[in-house]
Amino acid sequence: MTEGLAAAFGEAFGRAPDGVWRAPGRVNLIGEHTDYNDGFVLPFALSRGVTVAAARRDDGVVEVRSRQASTAVTAPVDGPPVVSEGWPAERAWAAYPVGVARVLREHGTGGASLLIDSDLPQGAGLSSSAALECATALALCDLHGVEIDRPALARLAQRAENEQVGMPCGLMDQSASLLCKAGHALMLDCRSGLSSQVPFDPAAAGLTLLVVDTRASHALTGGEYGRRRAECEEAASLLGVDALRDVKDLAAALGSLKDPVLRRRVQHVVTENHRVEATVGLLRAGALPEFGAMLNASHLSLRDQFEVSWPEADATVDAALRAGARGGRMVGGGFGGSVIVLAPAARAERVGEAITAAYEKRGWTPPGFLEAVPSDGARRVS
Ligand code: GLA
């Protein structure tokens with residue numbers, strides 16, 4: 001892919017790139033909608049991701065092209081938040097790299113010509129946007145000789161998505177893309193930013209982790225994600241804590257909240273944080289099969305308390321469990337995207353067939369299946 005991309009860069013820009021950078025997408029094992037509540041998450045990086053061939057420019061301009069889009073976008077590095085410029089839909093993808101360039105400019109980076117390629121399905125809830133932000137961020141830092149440590153770079157990429165794209169995401173996706181290590185999941189404390197690597201090797205435990213793209217495409221720039229975040233902030237303020245992570249006595253908190261919607265949101269966030277900690281304990285103890293029960297509990301909580309699941313996700317989990325999987329849950333922000341399923345390796349094929357049959361029965365577009373190999377985070381590849 002790297003050589004092909006460098007050649008394509010030559011055709012597009014009439015010169016060779018200075019380098020090629022790659023950042024992966026992610027799957028979150030557990031800890032959903034906890035990051036913006038200052039809580040815990042446990043993602044791992046996929047082998048699929050976004051690759052960027054780039055050359056430095058000193059004219060204060062970013063020019064971005066993508067092999068997945070027909071429009072080229074040229075924009076000054078020095079500009080207002082992209083979201084305030086009201087770009088038309090066909091330029092929307094370029095808000096991520098241009099937004100990153102505008103945020104990193106304050107730290108000494110400048111312009112670049114960028115050619116982007118991706119082997120991550122978009123809208124599948126696997127963080128193609130964070131991968132694009134992180135590959136761009138690494139490229140810009142290297143090209144302009146700026147050194148920023150990776151936890152700080154993750155916060156800057158998150159800031160670009162919040163301020164430039166207008167999506168109020170938490171810290172998980174950018175951290176996963178920049179900090180993950182092969183063979184491990186990343187336990188991240190989203191308040192302190194401290195993280196540790198937790199060994200995660202389903203194959204060694206006789207298990208397969210399937211990633212099922214439900215083909216119900218999600219768009220988190222829509223209002224539901226922001227509404228959930230606002231509800232969590234409102235509940236935290238009513239409970240007199242900085243963030244829902246600080247709720248220590250769930251029963252007392254639920255007793256003091258009148259609004260049933262806020263009670264459900266708090267129930268999810270508090271129990272999900274405990275599930276992340278319990279999962280880390282299980283993984284460290286080598287009790288990986290027991291993790292299935294955590295997945296199921298997380299899915300029910302996301303479906304019934306946080307109300308972010310969608311019909312294809314529920315049907316996927318249901319069909320997988322009936323066919324002998326140990327557990328499954330929706331991943332990412334919700335309202336579309338992917339599901340993970342933990343199955344005994346010997347049953348994985350049967351589980352996949354059962355999921356496909358469930359979609360067929362309902363007349364839905366067949367699901368996609370991805371190999372989920374915990375992989376290394378972002379890096380320069382040439
Ligand atoms: C999206 C956001 C993340 C996180 C998840 C839900 O992926 O980008 O920050 O909030 O949803 O866990």
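Start at 1 and go down the list; that is how both ligands and their atoms are numbered.
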A.B. asks: Test side-chain hydrogen bond (donor to acceptor under 3.5 Å, both in side chains) on Trp93 and Ser66 and set out the steps.
C.D. replies: CA-CA 9 Å; Trp93 64 272; Ser66 163; over 6 Å; no
A.B. asks: Picking from Met172, Arg245, His274, what satisfies side-chain contact (heavy atoms from CB on, under 4.5 Å) with Phe40?
C.D. replies: Arg245
A.B. asks: Suppose we call two aromatic rings close when their centres sit under 6.0 Å apart. Are His184 and Phe200 close by that rule?
C.D. replies: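 No, the ring centres sit 6.0 Å or more apart.
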A.B. asks: What atoms of ligand 1 come within less than 4.0 Å of a heavy atom belonging to Gly332?
C.D. replies: 6 (C), 11 (O)
A.B. asks: At a 4.0 Å threshold, what atoms of ligand 1 neighbour a non-hydrogen atom of Cys169?
C.D. replies: 2 (C), 8 (O), 9 (O)
A.B. asks: Against heavy atoms of Tyr225, which atoms of ligand 1 measure under 4.0 Å?
C.D. replies: 1 (C), 2 (C), 3 (C), 4 (C), 9 (O), 10 (O), 11 (O)
A.B. asks: Residues in salt bridge (Lys or Arg N to Asp or Glu O under 4.0 Å) with Arg150, at least two apart?
C.D. replies: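 For Arg150, no residue satisfies salt bridge (Lys or Arg N to Asp or Glu O under 4.0 Å) once neighbours in sequence are set aside.
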A.B. asks: Using a strict 4.0 Å cut-off to heavy atoms of Tyr36, name the atoms of ligand 1 that fall inside it.
C.D. replies: 10 (O)
A.B. asks: Quick one: is the NZ or CZ of Arg215 closer than 6.0 Å to the six-membered ring centre of Tyr359, and within 45° of its axis?
C.D. replies: no
A.B. asks: Short list, please: which atoms of ligand 1 are under 4.0 Å from a heavy atom of Gly170?
C.D. replies: 9 (O)
A.B. asks: Any N or O on His33 sitting closer than 3.5 Å to an N or O of ligand 1?
C.D. replies: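 Yes; at least one N/O pair falls below 3.5 Å.
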A.B. asks: Under 3.5 Å between some N or O of ligand 1 and some N or O of Asn28?
C.D. replies: no
A.B. asks: Please identify each residue that fulfils salt bridge (Lys or Arg N to Asp or Glu O under 4.0 Å) with Glu272, with sequence neighbours left out.
C.D. replies: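 Residues passing salt bridge (Lys or Arg N to Asp or Glu O under 4.0 Å) with Glu272: Arg275.
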A.B. asks: Would you tell me which option among Asn37, Thr34, Asp35, Leu302 has the nearest heavy-atom contact to atom 9 (O) of ligand 1?
C.D. replies: Asp35
A.B. asks: Please answer whether the main-chain N or O of Gly111 pairs with a side-chain N or O of Asp59 as donor and acceptor at a distance below 3.5 Å.
C.D. replies: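 Checking the backbone N and O of Gly111 against the side chain of Asp59, no donor-acceptor pair under 3.5 Å is found.
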A.B. asks: Find all atoms of ligand 1 within a distance of less than 4.0 Å from any non-hydrogen atom belonging to Met172, and give their numbers and elements.
C.D. replies: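 Listed by number with element: 4 (C), 5 (C), 12 (O).
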A.B. asks: Any N or O of Met167 that comes nearer than 3.5 Å to an N or O of ligand 1?
C.D. replies: no
A.B. asks: Checking the side chain of Asn28 only, and the main-chain atoms of Gly31 only, is there a donor and an acceptor separated by less than 3.5 Å?
C.D. replies: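 Yes, the answer is positive, given that a donor and an acceptor are paired below the 3.5 Å cut-off.
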A.B. asks: With a cutoff of 4.0 Å, is Arg26 in contact with ligand 1, counting heavy atoms of the residue only?
C.D. replies: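 Arg26 counts as a contact of ligand 1 under the 4.0 Å cut-off.
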